[in-house]
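For reference, the structure discussed in these notes is given below.
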Amino acid sequence: MFTIRVYGILFGENKKVLVSDEFIRGNYYTKFPGGGLELGEGTRDCLKREFKEEMNLNVNITDHIYTTDFFQMSAFNPDDQIISIYYFAEALEPITAPLRDKLFDFDEREMNVYKATGETETFRFIDWNDFSEESVTLPIDKVVAKIVKENY
């Protein structure tokens, strides 16, 4: 089985990089914003939908950065192979979603979401000077972080 995921690299002021801190089934992950492709949906439309759902943010999807070119088993389902597609995203409006300054800084509302669903997330920007492959958790995200850091 294949799972296709689509992620966005969004720069803020002074080239800060937006990440999502997530608590899923007892594990902590820092990743790029995005999510799963739905049947009948294009990859760019998927990413626009994910930003809207997760951050209530309208974005423009620009250049393709990377598509997984190696085998990666799903962290959540060992029967699935993950294929991830990465694009640059530009905010079309000010970000109104709460942004955190600290890693995994979940508030009471977000922890209530976790209790109800087994997962929650929050967002923060990482300063360009602090951004690296160590900034993110997932193996494919690490490849993309390195590409972005070395080329942009």
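Note that the structure is a prediction, hence the values are computed from the model and not measured.
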**Message:** Please report the interatomic distance CG(Leu18) to CZ(Phe51), rounded to the nearest 0.5 Å.
**Reply:** 6.0 Å
**Asked** salt bridge (Lys or Arg N to Asp or Glu O under 4.0 Å) with Glu110: which residues, sequence neighbours excluded?
**Response** Arg100
**Request:** Please name the pair of heavy atoms, one in Ala89 and one in Ile61, separated by the smallest distance, quoted to 0.1 Å.
**Result:** CB-CD1, 4.0 Å
**side chain to side chain contact (heavy atoms under 4.5 Å, CB included) partners for Glu90, two or more places apart** = Asn60, Thr62
**Prompt:** Excluding sequence neighbours, so at least two apart, what forms side chain to side chain donor-acceptor pair (under 3.5 Å) with Glu22?
**Reply:** Ser20, Lys31
**Asked** With sequence neighbours excluded, what pairs up with Phe131 under the ring pair (Phe, Tyr, Trp, His ring centres under 6.0 Å) test?
**Response** Trp128
**Request:** Compare all side-chain heavy atoms of Leu47 with those of Val59 and state whether any distance is below 4.5 angstrom.
**Result:** no
**Complete:** Heavy-atom closest pair (Met55 atom, Ile95 atom, distance to 0.1 Å) is CE-CG2, 3.8 Å
**Complete:** Apart from Phe71 itself, members of its ILVMFWY cluster (side-chain separation under 4.5 Å) are Met73
**Request:** Rounded to the nearest 0.5 Å, what's the gap from CG on Leu39 to CG on Leu37? Could you check?
**Result:** 8.5 Å
**Request:** Applying side-chain contact (heavy atoms from CB on, under 4.5 Å), run through Asp141 and Val19 and close with a yes or a no.
**Result:** CA-CA 11 Å; Asp141 283 6; Val19 295; over 6 Å; no
**Fill in**
Scanning both residues in full, the closest heavy-atom pair of Gly36 with Cys46 reads O-SG, 3.5 Å
**Expected output: side-chain Lys142 to main-chain Glu133 donor-acceptor under 3.5 Å** = yes
**side chain to side chain donor-acceptor pair (under 3.5 Å) partners for Glu13, two or more places apart** = none
Enumerate donor-acceptor pairs with a distance under 3.5 Å from any side-chain N or O in residues 77-85 to protein atoms, sequence neighbours excluded.
residue: Asn77; atom: OD1; partner: Asp79; partner atom: N; Å: 3.0
residue: Asp80; atom: OD2; partner: Thr3; partner atom: OG1; Å: 3.0

**Item:** Partners meeting ring pair (Phe, Tyr, Trp, His ring centres under 6.0 Å) with Tyr87 (sequence neighbours left out)
**Value:** His64
**Message:** Run the ring pair (Phe, Tyr, Trp, His ring centres under 6.0 Å) test against Tyr28 and tell me which residues pass, sequence neighbours left out.
**Reply:** Phe23, Phe104
**Request:** Kindly write out the residues that satisfy side chain to side chain contact (heavy atoms under 4.5 Å, CB included) with Val144, not counting sequence neighbours, or none if the list is empty.
**Result:** Ile9, Phe32, Ile65, Tyr66, Tyr86, Val148
**Prompt:** Hey, does Glu108 have a side-chain heavy atom less than 4.5 Å from the side chain of Met111?
**Reply:** no
**Request:** Taking atom NZ of Lys146 as the centre, report whether more than 12 heavy atoms of other residues, nucleotides or ligands fall under 6.0 Å from it.
**Result:** no
**Message:** So, using salt bridge (Lys or Arg N to Asp or Glu O under 4.0 Å) as the criterion, who are the partners of Glu41 when residues are at least two apart?
**Reply:** Arg49
**Complete:** Arg124 meets the salt bridge (Lys or Arg N to Asp or Glu O under 4.0 Å) criterion, sequence neighbours left out, with Asp21
